[in-house]
A.B. asks: 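I have a structure here, written as structure tokens, and I will follow up with some questions on it.
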Amino acid sequence: MLSCDICGETVTSEPDMKAHLLVVHMENEVICPFCKLSGVNYDEMCFHIETAHFEQNTLEERNFERIDTMQNGTSNNKDNSLQSTVGVNSSIHSACASDHPKGSAQSLPEDDTLKRKEVYSENLSESRKFQKSRGKQSGLSEIKEPIYETMYSPPECPFCGKIEECGQDMETHVKTKHASLLDTPLEDCVQPFYDCPMCGLICTNYDILQEHVDLHLEESSIRQGVDRVQCSGDLELAHQLQQEEDSKRRSEESRQEMEEFQKLQRQYGLDNSGGYKQQQLRNMEIEVNKGRMLPSEFHRRRAEMMESLALGTDDGKTKTSGIIEALHRYYQNAATDVRHVWLSSAVDHFHSSLGDKGWGCGYRNFQMLLSSLLQNDAYDECLKGMSVPCIPKIQSMIEDAWKEGFDPHGASQLNNKLQGTKAWIGACEVYTLLTSLRVKCRIIDFHKSTGPSGTHPRLFEWILNYYSSEREGNSKVVWTSKPPIYLQHQGHSRTIVGIEERKNRTLCLLIFDPGCPSREMQKLLQQDIEASSLKQLRKFVGNLKHKQYQIVAVEGTLSSEEKVARRQASQVFTAEKIP
């Protein structure tokens, strides 16, 4: 004997159990016509109706009695009661059969069956409570519920569609006529299920699953396309931002370069702010506004400046003469700590004025050098009829030398123009100007330090050799015929007028600085020169620590042929380097 796990019914064989499961629990699901309870077998449903729906069942009996009385006339109470009982059972059967459509085949899950059993238990408890409360009542005085009419629907065979009178006949029909179908394994009656590998959706058909997966792939492809478009957009945005950043950086670098260039232009007098004349007038106006110059003096000095510019000669307002002679006397009578001293030929000191303050040192040093040459008979031929020129005239003379073909590279750096500017000049421009005047000179470049702590002892040795070549015996003071030496370093230039050899064998240069005003230089013209007054002239090895120094030394005159040769050599300007 086999027992059903769902309803507990026992059958004799395994085919009977399969038929029982198919007919009772898969196709003909019994549903209560009053409360829609389902998931129970036929006997349980009858018991449920008799207990949970007692009043409705009594009402059905009375309804069938009325219907039978109308149809058959008269009847005794016993027959009516029996007939109503049969009618109710038929009603229950038809309700159970009519609630299932033809061909329905579903397998109830275990949890759903348990749920329905719980609902069935609750209905049983409710029925028992109702029976207890009904026993306390005297009875029903009148029928208040509505009359339910139940129409009978005979069961239909799920295989061939044949209609039988009752469920028992249908069961017999299925077992006899469709036994071969019932012998089919239960696994073959259950449709296969296919899980979607992407979302887990369950499909009962492989083709449907394939279409479903294709939709997933299409959606993924679209999403990837959108991602690619978005990625491409992000790359374009990043590229655009990078270009903007690079452009901004280049713009900032260009701005900084321009600012540095303009700063250098202002520093070297190439900012088109005017030259010597404009600066002189502007500074004199400032002096008048500050009360340090009278208006009458302003007009007088302005007239003198205009006359000097017209003649092209220096007005001598910044010149101090006779200093070399005064130094010669001093070293003969004093300076006991000096073993030997060599002095250049006579030279006048020129200092900067209001018109060239801050940029005119190169011009003033050239004036010092030229003043010495003009006092030397050896240079009368090449400098015949000249006088010390003013600064605008010196600028004009250098431009003329450029036009002759001297130093084209240096000319291009200064835009081939000096007049009307505050452009600085250095050793190359002084060399170019002297060579164009047929003065023989050379540039020596001390391009790196040759001593400890960035000093240049080789520079001092070279200058000593330059002046000591005219040493006269054992004389302490040697006043040579050698012109002064033009000394250039970064940001400034000065003029070397002699050198001392101390008793401790150290060397000391004697230097004229155009930045030193006339009132200080005139202290050297006094009868009794104080040693402290020489402090502004003396420069020891430890005082010259610039990275690079250039000097222009005069060595005589040039013939016309030598001038042409040097002009050709200046196309590629080179200097003698030490070391």
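Heavy atoms only: backbone and side chains are in, while hydrogens, waters and symmetry mates are out. Counting from 1, the numbers follow the sequence of the chain as shown. Everything numeric in this text was worked out from a predicted model, so none of it was measured.
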A.B. asks: Please report the interatomic distance CD(E520) to OG(S533), rounded to the nearest 0.5 Å.
C.D. replies: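 Going from CD on E520 over to OG on S533, the span is 8.0 Å.
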A.B. asks: Give a yes-or-no answer on whether the side chains of T313 and K393 include a donor-acceptor pair shorter than 3.5 Å.
C.D. replies: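 Their side chains do not contain a donor-acceptor pair, so the 3.5 Å distance test is not met.
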A.B. asks: If you count the non-hydrogen atoms of other residues, nucleotides and ligands that lie under 6.0 Å from CG in N465, is the total more than 12?
C.D. replies: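 Atom CG in N465 is packed in, count exceeds 12.
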A.B. asks: Please check if the number of heavy atoms outside N272 that lie under 6.0 Å from its CG is greater than 12.
C.D. replies: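 Counting other residues, nucleotides and ligands, CG of N272 stays at 12 neighbours or fewer.
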A.B. asks: Counting C-beta onward and ignoring hydrogens, is there a side-chain heavy-atom pair between Q419 and E399 closer than 4.5 Å?
C.D. replies: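 The answer is yes; the side chains approach within 4.5 Å.
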A.B. asks: Quick check: does any side chain N or O of Q550 sit under 3.5 Å from a backbone N or O of I444, one acting as donor and the other as acceptor?
C.D. replies: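 Not at all, since once roles are kept as given, no pair shorter than 3.5 Å links the two residues.
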A.B. asks: How close do V338 and Y331 get, heavy atom to heavy atom, and via which atoms?
C.D. replies: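 It is CG2-CE2, 4.2 Å.
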A.B. asks: Among R364, H492, Q536, exactly one meets side chain to side chain donor-acceptor pair (under 3.5 Å) together with D513. Which residue is that?
C.D. replies: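 Output: one option passes, namely H492.
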A.B. asks: Can you classify the ring geometry of W462 versus Y466 as parallel (below 30°), tilted (30 to 60°) or perpendicular (above 60°)?
C.D. replies: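 Ring orientation of W462 relative to Y466: parallel.
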A.B. asks: Given ring pair (Phe, Tyr, Trp, His ring centres under 6.0 Å), test F350 with Y363 step by step and report yes or no.
C.D. replies: CA-CA 9 Å; F350 290 83; Y363 301 97; over 10 Å; no
A.B. asks: So does E244 pair up with K248, basic N to acidic O under 4.0 Å?
C.D. replies: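 Not counted as a salt bridge, because no side-chain N and carboxylate O are separated by less than 4.0 Å.
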A.B. asks: What orientation do H328 and W479 show, parallel under 30°, tilted 30 to 60°, or perpendicular over 60°?
C.D. replies: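 Rings of H328 and W479: tilted, 30 to 60°.
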A.B. asks: Quick one: does any side-chain atom of S371 pair with a main-chain N or O of D348 as donor and acceptor, under 3.5 Å?
C.D. replies: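 Yes.
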A.B. asks: With the threshold set at 4.0 Å, does a side-chain nitrogen-carboxylate oxygen contact exist between E381 and K384?
C.D. replies: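 Answer for the salt bridge query: no.
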A.B. asks: Please walk me through it: do K440 and L434 pass side-chain contact (heavy atoms from CB on, under 4.5 Å)?
C.D. replies: CA-CA 7 Å; K440 184 179 181 180; L434 291 174; over 6 Å; no
A.B. asks: What's the separation between atom OG in S344 and atom CD1 in I499, rounded to the nearest 0.5 Å?
C.D. replies: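 If we round to the nearest 0.5 Å, S344:OG and I499:CD1 are 12.0 Å apart.
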A.B. asks: Examine distances only and state if a side-chain atom of N283 and a backbone atom of L354 form a donor-acceptor pair shorter than 3.5 Å.
C.D. replies: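 A pair under 3.5 Å: yes.
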A.B. asks: Do the side-chain N and O atoms of D407 and S570 include a donor-acceptor pair separated by under 3.5 angstrom?
C.D. replies: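 No, no side-chain donor-acceptor pair sits under 3.5 Å.
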A.B. asks: Do E404 and K563 meet the salt-bridge criterion of a basic N to acidic O distance under 4.0 Å?
C.D. replies: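 So K563 pairs with E404 through a salt bridge.
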A.B. asks: Should the pair K319-D314 be classified as a salt bridge under the 4.0 Å nitrogen-to-oxygen rule?
C.D. replies: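 No, K319 and D314 are not salt-bridged.
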A.B. asks: Go through the side-chain N and O atoms of D246 and Q242 and say whether any donor and acceptor fall under 3.5 Å apart.
C.D. replies: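 Present: a donor and an acceptor within the cut-off.
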A.B. asks: Distance-only, no hydrogens or angles: does the S247 side chain make a donor-acceptor pair with backbone N or O of Q243 under 3.5 Å?
C.D. replies: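 Not at all, since once roles are kept as given, no pair shorter than 3.5 Å links the two residues.
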A.B. asks: Taking all atoms of both residues into account, what is the closest heavy-atom pair of A427 and Q488, and its distance?
C.D. replies: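 Taking every non-hydrogen atom into account, N-OE1, 4.0 Å.
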A.B. asks: Just by modelled atom types, is the T336 backbone N or O under 3.5 Å from a matching donor or acceptor in the K503 side chain?
C.D. replies: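 Yes, the answer is positive, given that a donor and an acceptor are paired below the 3.5 Å cut-off.
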A.B. asks: Flag yes if more than 12 heavy atoms outside F540 fall under 6.0 Å of its CZ atom; otherwise flag no.
C.D. replies: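 Yes, the 6.0 Å shell around CZ holds more than 12 heavy atoms from other groups.
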A.B. asks: Could you tell me which non-hydrogen atom of I443 sits nearest to which non-hydrogen atom of C428, and how far apart they are?
C.D. replies: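 Nearest heavy atoms, I443 then C428: CD1-CA, 4.2 Å.
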A.B. asks: Decide whether S518 and H351 meet the rule of one side-chain donor and one side-chain acceptor closer than 3.5 Å.
C.D. replies: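 Judged by distance alone, the side chains do pair up.
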A.B. asks: Cut-off 3.5 Å, side chains only: do S493 and N365 have a donor facing an acceptor?
C.D. replies: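 The criterion, which ignores hydrogens and geometry beyond distance, is satisfied for N365 and S493.
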A.B. asks: Can you confirm whether C196 sits close enough to L209 that some side-chain heavy atom of one is under 4.5 Å from a side-chain heavy atom of the other?
C.D. replies: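 C196 vs L209: side chains touch.
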A.B. asks: Taking atom CD1 of I391 and atom NZ of K277, what is their separation to the nearest 0.5 Å?
C.D. replies: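 Taking CD1 in I391 and NZ in K277, the distance rounds to 15.0 Å.
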A.B. asks: How about E530: does its CD atom have over 12 heavy atoms from other parts shown lying under 6.0 Å from it?
C.D. replies: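 Incorrect, the count does not exceed 12.
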A.B. asks: Roughly how far apart are L487 CG and T495 OG1, rounded to 0.5 Å?
C.D. replies: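 One gets 8.0 Å once the value is rounded to the nearest 0.5 Å.
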A.B. asks: Mind listing the closest non-hydrogen atom pair of F298 and M293 along with its distance?
C.D. replies: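 Nearest pair, atom of F298 first, then M293: CA-SD, 3.8 Å.
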A.B. asks: Please assess H489 against Y549 for the test ring pair (Phe, Tyr, Trp, His ring centres under 6.0 Å), listing each intermediate value before the final yes or no.
C.D. replies: CA-CA 5 Å; H489 58 82; Y549 288 93; 5.5 Å; yes
A.B. asks: So that I can tick it off, tell me whether R438 and E562 are bridged by a salt bridge, with the cut-off set at under 4.0 angstrom between side-chain N and carboxylate O.
C.D. replies: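 So E562 does not pair with R438 through a salt bridge.
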A.B. asks: Please step through side chain to side chain donor-acceptor pair (under 3.5 Å) for the pair S372 and S345, ending with a clear verdict.
C.D. replies: CA-CA 6 Å; S372 177; S345 60; 2.6 Å; yes
A.B. asks: Under a 4.5 Å cut-off applied to non-hydrogen side-chain atoms, are M305 and C390 in contact?
C.D. replies: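 With C-beta onward as the side chain, the pair stays apart.
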A.B. asks: If we ignore hydrogens and angles and just use 3.5 Å, is the side chain of S468 paired with the main-chain N or O of L464 as donor and acceptor?
C.D. replies: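 Flag set: sc S468 to bb L464 pair under 3.5 Å.
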A.B. asks: Salt bridge or not between R255 and E253? Use side-chain N to carboxylate O under 4.0 Å.
C.D. replies: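 No salt bridge links R255 with E253.
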A.B. asks: Scan for salt bridge (Lys or Arg N to Asp or Glu O under 4.0 Å) pairs involving residues 564-578, sequence neighbours excluded, and state none if there are none.
C.D. replies: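 Output for this query lists R442-E576.
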A.B. asks: Kindly compute the distance separating CG (L414) from CD1 (I398), expressed to the nearest 0.5 Å.
C.D. replies: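 Here the interatomic distance stands at 8.5 Å.
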A.B. asks: Say whether, by atom type as modelled, one donor and one acceptor occur between the side chain of N415 and the main chain of K417 under 3.5 angstrom.
C.D. replies: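 No, because the side chain of N415 does not come within donor-acceptor range (under 3.5 Å) of the backbone of K417.
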A.B. asks: Could you walk me through whether D214 and Q210 pass the side chain to side chain donor-acceptor pair (under 3.5 Å) test, one step at a time?
C.D. replies: CA-CA 6 Å; D214 291 341; Q210 183 65 40; 3.2 Å; yes
A.B. asks: When you measure from the side chain of Q571 to the backbone of Q568, do you find a donor-acceptor pair of N or O atoms at a distance under 3.5 Å?
C.D. replies: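 No.
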A.B. asks: With no hydrogens and no angle check, do the side chains of T455 and S449 hold a donor and an acceptor under 3.5 Å apart?
C.D. replies: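 Judged by distance alone, the side chains do not pair up.
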A.B. asks: May I ask you to check whether Y431 and E429 show a side-chain donor-acceptor distance below 3.5 Å?
C.D. replies: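 Side-chain D/A pair, Y431 to E429: absent.
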A.B. asks: If you count heavy atoms of other groups shown closer than 6.0 angstrom to NZ of K448, is the number above 12?
C.D. replies: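 Atom NZ in K448 is not crowded, with 12 or fewer foreign heavy atoms closer than 6.0 Å.
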A.B. asks: Indicate yes or no: at least one non-hydrogen side-chain atom of L369 is less than 4.5 angstrom from one of V347.
C.D. replies: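 Answer no - side chains too far apart.
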A.B. asks: Any chance you could measure L510, atom CG, to I323, atom CD1, to the nearest 0.5 Å?
C.D. replies: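 CD1 of I323 is found 11.5 Å from CG of L510.
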A.B. asks: Under the criterion side chain to side chain donor-acceptor pair (under 3.5 Å), I'd like the reasoning laid out for D445 against Q548: C-alpha separation, chi angles, the key distance, then a yes or no.
C.D. replies: CA-CA 8 Å; D445 184 9; Q548 181 182 12; 2.8 Å; yes
A.B. asks: Are side-chain N/O atoms of W342 and E500 paired as donor and acceptor at under 3.5 Å?
C.D. replies: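 Side-chain D/A pair, W342 to E500: absent.
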A.B. asks: Under a 4.0 Å threshold between the charged nitrogen and the carboxylate oxygen, would E304 count as salt-bridged to R300?
C.D. replies: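 Salt bridge between R300 and E304, a charged N being under 4.0 Å from a carboxylate O: yes.
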A.B. asks: Provide the closest heavy-atom pair for Y330 versus I529 in the form atom of the first, atom of the second, distance.
C.D. replies: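 Between these two residues, the closest heavy atoms are CE1-O, 3.6 Å.
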A.B. asks: Do V478 and L343 come close enough that some side-chain heavy atom pair is under 4.5 Å?
C.D. replies: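 Counting from C-beta outward, V478 and L343 never come under 4.5 Å.
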A.B. asks: Sequence neighbours left out, what pairs pass ring-ring contact (aromatic ring centres under 6.0 Å, His included) with at least one residue falling in residues 375-421?
C.D. replies: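 Of all non-adjacent pairs touching residues 375-421, none passes ring-ring contact (aromatic ring centres under 6.0 Å, His included).
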A.B. asks: Please name the pair of heavy atoms, one in P514 and one in C361, separated by the smallest distance, quoted to 0.1 Å.
C.D. replies: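 For P514 and C361, the tightest heavy-atom pair comes out as CG-CB, 3.9 Å.
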